[in-house]
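Report on the following structure.
Values below: every heavy atom of this structure, side chains too, minus hydrogens, waters and symmetry copies.
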Amino acid sequence: MFVIKNLDFKIDNFHLKIDHFDLTNHKIVALMGPSGSGKSTFFNILIGLYKPINWSWIFNGRQFAGLNMDQRQLGIVFQKNELFPHLTAEENVKIVMKSRNVQLETDFVRLEKYKSVLKLNNCWLTRADKLSGGEAQRVSLLRAVMSRPVLLLLDEPFSSLDADLKVEARKMTSDLVREAGIPTLLITHDIEDANALGASIRRMNQGRILAELDADEI
């Protein structure tokens, strides 16, 4: 269960108002909208950068609204990967696992399986600053999933990739998300992102989240 209620937040000249947002019926949901519609503001609230008051976010029976960023146990993939450039792909994944108290011994099989799904074996020992754009994005995704998140947030994860890499990255992301079975919210402006992940589509406009839409309505 994922339900947000009474979210009313103003920043600069922008007003985000969400009376009710319910994701209980879907594993993967795409939130779409043009630039300036409020997607980034909403994303920053979910990860804890912005702190509205008097709102409710119930997820899996817990009240998330008052939790700090590190207490929310989210897996986050940003538009630009946030890898540590001096660490290898392997080290970038394992350092986050350690910070979340995820034991390598108990999660080794899962790590090896997901690493193969994302085709990261050949660059596993490569420093992050030497990875290609597609490799770096896939390492970011693996790192987020291996942190054992309760919710995966993808913020325009394919926008920095060229067309050919996008197709491959979408397919791998879809495979991994479904394999891991983690509830996922995809923030995007691209209908192809939503289609590739098989997501339920919700549209945001002028700080409001509108009704669920079919792909041909976007």
Side-chain angles (χ1 to χ4, degrees), residues 1-12 14-33 36-79 82 96-97 99-102 107 110 140-141 143-157 173-174 176-189 193-194 197-214 217-218:
M1 174 179 286
F2 177 119
V3 181
I4 287 175
K5 294 182 180 179
N6 304 318
L7 177 54
D8 195 321
F9 182 70
K10 295 180 180 179
I11 181 170
D12 300 324
F14 186 78
H15 185 192
L16 180 71
K17 192 175 191 308
I18 301 173
D19 295 325
H20 185 98
F21 184 43
D22 186 340
L23 304 187
T24 56
N25 295 325
H26 302 284
K27 282 291 185 180
I28 304 176
V29 172
L31 184 60
M32 299 187 61
S37 62
K39 301 189 308 296
S40 294
T41 300
F42 185 53
F43 179 84
N44 286 332
I45 289 171
L46 293 181
I47 67 176
L49 290 179
Y50 296 157
K51 301 182 182 299
I53 60 174
N54 300 325
W55 68 300
S56 175
W57 175 11
I58 302 295
F59 185 46
N60 288 344
R62 297 175 62 198
Q63 176 59 262
F64 271 53
L67 298 180
N68 295 327
M69 185 186 303
D70 59 346
Q71 296 174 314
R72 295 184 180 182
Q73 295 179 273
L74 305 174
I76 305 170
V77 179
F78 294 96
Q79 181 174 347
E82 301 288 336
V96 172
M97 291 176 63
S99 72
R100 291 281 183 92
N101 296 314
V102 177
D107 271 39
R110 193 166 67 103
S140 297
L141 178 61
R143 183 176 65 173
V145 170
M146 289 306 302
S147 69
R148 284 199 173 274
V150 296
L151 176 68
L152 185 62
L153 297 175
L154 309 178
D155 181 25
E156 301 279 6
T173 300
S174 176
L176 182 62
V177 168
R178 295 189 181 285
E179 178 71 35
I182 302 170
T184 300
L185 181 63
L186 169 68
I187 307 293
T188 184
H189 68 279
D193 291 351
L197 269 67
S200 166
I201 300 170
R202 302 291 294 274
R203 184 160 58 89
M204 175 168 270
N205 191 35
Q206 297 181 344
R208 309 295 190 269
I209 295 180
L210 308 179
E212 183 176 343
L213 299 173
D214 294 326
E217 296 181 87
I218 299 296

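The 12-atom threshold is not exceeded at NZ of Lys10, counting heavy atoms of other residues, nucleotides or ligands nearer than 6.0 Å. Heavy-atom contacts from other residues, nucleotides or ligands closer than 6.0 Å to CD of Gln71 number more than 12.
In plain terms, the two heavy atoms of Arg202 and Asp22 that are nearest each other are NH1-O, 3.7 Å. Looking at every heavy atom in both residues, Met32 comes nearest to Lys39 through C-CD, 3.9 Å. In terms of heavy-atom proximity, Arg72 sits nearest to Phe64 at O-CE2, 3.2 Å. Heavy-atom minimum distance, Leu197 versus Thr173: CD2-CG2, 4.2 Å. Minimum interatomic distance between Ile18 and Gly207 (heavy atoms only, all atoms of both residues): CG1-O, 4.4 Å. Taking every heavy atom of both residues into account, Val96 and Arg143 meet most closely at CG2-CD, 3.2 Å.
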Item to check | side-chain hydrogen bond (donor to acceptor under 3.5 Å, both in side chains) assessment of Gln73 paired with Arg62 | outcome: CA-CA 12 Å; Gln73 295 179 273; Arg62 297 175 62 198; 3.3 Å; yes

Checklist entry - What's the verdict on side chain to side chain contact (heavy atoms under 4.5 Å, CB included) for Met204 and Leu210, showing C-alpha distance, side-chain angles and the deciding distance? => result CA-CA 6 Å; Met204 175 168 270; Leu210 308 179; over 6 Å; no

Next on the checklist: Please determine whether side chain to side chain contact (heavy atoms under 4.5 Å, CB included) holds for the pair Glu82 and Ile76, giving the CA-CA distance in whole Å, both sets of side-chain angles, and the decisive distance to 0.1 Å.
Outcome noted: CA-CA 10 Å; Glu82 301 288 336; Ile76 305 170; over 6 Å; no

Next on the checklist: Lys17 vs Asp19, test: side chain to side chain contact (heavy atoms under 4.5 Å, CB included). Steps then yes/no.
Outcome noted: CA-CA 6 Å; Lys17 192 175 191 308; Asp19 295 325; 2.7 Å; yes

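For the pair Ile4 and Phe42, the minimum side-chain heavy-atom distance is below 4.5 Å. Side-chain contact between Phe59 and Leu67 is absent, with no heavy atoms from C-beta onward closer than 4.5 Å. Put simply, the side chain of Trp55 reaches to within 4.5 Å of the side chain of Ile45, judged on heavy atoms. The shortest side-chain heavy-atom distance between His15 and Asp8 falls under the 4.5 Å cut-off. Side-chain contact between Phe43 and Gln79: absent, with no pair of heavy atoms (C-beta onward) separated by less than 4.5 Å. Inter-residue side-chain proximity for Leu152 and Leu141 is flagged as met; some heavy-atom pair is nearer than 4.5 Å. Residues Ser56 and Asn6 are not in side-chain contact: their nearest non-hydrogen atoms beyond the backbone lie 4.5 Å or more apart. Residues Leu151 and Pro183 have side chains in contact (heavy-atom distance under 4.5 Å, counting atoms from C-beta outward).
Using cut-offs of 30° and 60° on the angle between ring planes, the pair Phe2 and Phe21 is perpendicular.
In terms of the side chain to side chain donor-acceptor pair (under 3.5 Å) criterion, residue partners of Glu179 (sequence neighbours excluded) are, by chain and number, Lys113.
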